[in-house]
Protein chains: 2
Amino acid sequence: MLSITEENYIKHILSLDLESSSNLGVGTNELALSLSVKPSSVNVMLKKLREKALIEYEKYGKIQLTEKGRLFGMTIIRKHRLWETFLYQKLDFTWDEVHEVAEQLEHIQSVKLVEKLDKFLGFPKIDPHGDPIPTEKGEIKIASKLFLSEIQTGKKCKMVSVKDNSAVFLKFVQELGLSINNEIEVLSKLDFDESIEISVNNQKSRVSKKFAQNICVILSDKN
Amino acid sequence: MLSITEENYIKHILSLDLESSSNLGVGTNELALSLSVKPSSVNVMLKKLREKALIEYEKYGKIQLTEKGRLFGMTIIRKHRLWETFLYQKLDFTWDEVHEVAEQLEHIQSVKLVEKLDKFLGFPKIDPHGDPIPTEKGEIKIASKLFLSEIQTGKKCKMVSVKDNSAVFLKFVQELGLSINNEIEVLSKLDFDESIEISVNNQKSRVSKKFAQNICVILSDKN
DNA sequence: AAAATTTGTTAGATTAATCTAACTTTATTA
DNA sequence: TAATAAAGTTAGATTAATCTAACAAATTTT
């Protein structure tokens, strides 16, 4: 069994890996920054994780998770996102409060607990932030969250969350008739100011790039 | 903030204190046994807890919690019992599975989480084992759990749980028409074999001392 | 390609929590 | 009450995770 510290190293390696589309692996300093520890601490731990066959790495090289390490990381992310869903849906935590508590809950060791929690929540596919919840086998089945600004012209997507959670922003979102689970079609993009023309509920609107960078969506299956 | 280890020390001191009706305090070896560590480890930690004003103790003396320490311990017990209730009532864990997981969950740090969990569960007063759940202020308001064998002749009590959870025992309990929340009146006790005559649902039965030592009850208010 | 910068590593120190082994104090019993 | 047993303490070692400071390798810039 892994210590909480080891779990956090694995989780951060995986998260950094998932963020950077490239498959080159993670650097020592990068990981140290992400974990808020010094690179020398990371270096010590890397040797330990390599011993346990959770990562592959050699001196001055990049860090890569082994299949075992990846699976471990995925179950931690799975637990994190299930707990976030629980806190949000069942305990009425707000959107921005769930992360901190889930950081702790994700380390609870009990396979049965995760299974039962999943069932209790009705086998959710995405968490309150719109991020996909990995399966028991560590697979991410649905498309990952993107920003509306990243969707290609002509494609349809579904709104899953917002990045900015300020009252001002949310009010504007509402005025556009946008809300969670709405389908959005990207009609056109203007090179001039990078503004985007979208269609929601058969109603066309034009939004700025900055706005689109704060709307989180997943690509629809019907593309 | 306390480490998980420190929290466990405080919790065990409080539990040993609550178990032993006497108010003499807890011994080093006793605590070491309860925590599954060596007495020398306890000794080191005692100095630390004294520094933090959580316990009172002097060399070769007994360990006593300060008011601050007692409150801390109570909030850990409160969290433990609330989580046990959650696991049992909402996630369909069995009676004997809840403890192990609650041992981990009790260390999650979030006042808001405890409040919201309490509300979600409908402000329960006792946990699945029949033990009282302390209030936010660290008070135990309802009578503590006793064994049926400890109830005086003529008194009424309410069944809250069983100690033995074997199928054989539970079947026998059922045959007597006994179940959770039933009111039991102790009609008489026989000095000869210490058997007890009880009344449940206006039906009289005679049970052995051993049987009565496995039925957990709380005294009724109407005594 | 040499210099400068960034990135990564090593050695040695520190802290928390534990252990073993030797010792001291307190309590029990013969 | 003296001997024995039980309970409690101390010193010194160990492990995990961190740090600082000095150093080495790789990359980027000039």
Side-chain angles (χ1 to χ4, degrees), chain A residues 1-13 16-17 19-20 22-65 69 72-73 76 103-104 106-107 109, chain B residues 1-13 16-17 19-20 22-65 69 72-73 76 103-104 106-107 109:
Chain A
M1 222 190 57
L2 299 190
S3 68
I4 290 181
T5 310
E6 288 168 327
E7 287 198 352
N8 276 328
Y9 273 80
I10 296 297
K11 185 184 70 165
H12 278 82
I13 295 167
L16 290 171
D17 233 358
E19 278 168 30
S20 81
S22 78
N23 257 21
L24 301 171
V26 177
T28 303
N29 284 2
E30 191 187 358
L31 182 54
L33 194 70
S34 168
L35 285 160
S36 300
V37 299
K38 300 295 167 189
S40 57
S41 306
V42 169
N43 198 269
V44 174
M45 181 60 92
L46 291 182
K47 290 166 186 167
K48 203 164 139 192
L49 296 177
R50 183 174 52 191
E51 271 310 298
K52 296 194 175 184
L54 294 161
I55 61 169
E56 276 164 25
Y57 127 96
E58 47 196 62
K59 240 190 185 181
Y60 297 107
K62 292 292 178 184
I63 307 154
Q64 301 248 205
L65 288 172
F72 239 113
I76 301 167
E103 285 283 293
Q104 299 178 62
E106 72 191 8
H107 299 293
Q109 299 290 353
Chain B
M1 224 189 56
L2 299 189
S3 69
I4 290 181
T5 310
E6 289 168 327
E7 286 198 354
N8 276 328
Y9 273 81
I10 296 296
K11 186 185 71 169
H12 279 81
I13 295 167
L16 290 171
D17 232 358
E19 278 168 29
S20 81
S22 78
N23 259 21
L24 300 172
V26 176
T28 303
N29 284 1
E30 190 187 1
L31 182 54
L33 195 70
S34 168
L35 285 160
S36 301
V37 298
K38 300 295 166 187
S40 56
S41 306
V42 169
N43 198 268
V44 174
M45 181 60 90
L46 291 183
K47 289 166 187 168
K48 203 164 139 192
L49 296 177
R50 183 174 52 189
E51 270 310 298
K52 296 193 175 186
L54 293 162
I55 61 168
E56 276 165 26
Y57 127 97
E58 48 196 63
K59 241 189 182 184
Y60 297 108
K62 292 291 179 186
I63 307 154
Q64 302 250 201
L65 288 173
F72 239 111
I76 301 167
E103 285 282 293
Q104 298 179 61
E106 74 193 5
H107 299 293
Q109 299 290 353

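Lettering follows sequence order; numbering is per chain, from 1.
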Counting only pairs under 3.5 Å, give me each side-chain donor-acceptor contact of residues 51-58 of chain A, with atom names and distances, residues two or more places apart or in other chains.
unit_1: A:K52; atom_1: NZ; unit_2: A:E6; atom_2: OE1; d: 3.3
unit_1: A:K52; atom_1: NZ; unit_2: A:E6; atom_2: OE2; d: 2.8

Sorted by chain and residue number, the side chain to side chain contact (heavy atoms under 4.5 Å, CB included) partners of A:K62 (sequence neighbours excluded) come out as none
Sugar-phosphate or base contact per nucleotide [nucleotides 8-14 of chain C; S, B, -; heavy atom under 4.0 Å]: SBB----
Please give, in whole Å, the distance from C:dT18 C1' to B:I4 CD1? 16 Å
Report the distance from atom CG of B:L33 to atom P of D:dG8, rounded to the nearest whole Å. 12 Å
B:R50 atom CZ is separated from D:dG8 atom C1', nearest whole Å, by 13 Å
Which residues pass the side chain to side chain contact (heavy atoms under 4.5 Å, CB included) test with B:S36, sequence neighbours left out? none
Minimum heavy-atom distance between A:E7 and A:E106, given as atom pair plus value: OE1-O, 4.3 Å
Those residues that, when tested against A:H12, pass side-chain hydrogen bond (donor to acceptor under 3.5 Å, both in side chains) (two or more places apart): none
What integer distance in Å separates B:K52:NZ from C:dA16:C1'? 10 Å
By side chain to side chain contact (heavy atoms under 4.5 Å, CB included), which residues pair with A:I4, not counting sequence neighbours? A:N8, A:H107
Rounded distance (Å) that lies between atom C1' of C:dT15 and atom CD of B:E51: 16 Å
Whole-Å gap separating C1' (D:dG8) and CD1 (B:I55): 14 Å
Atom CG of B:L35 and atom P of C:dC19: how far apart are they, to the nearest Å? 10 Å
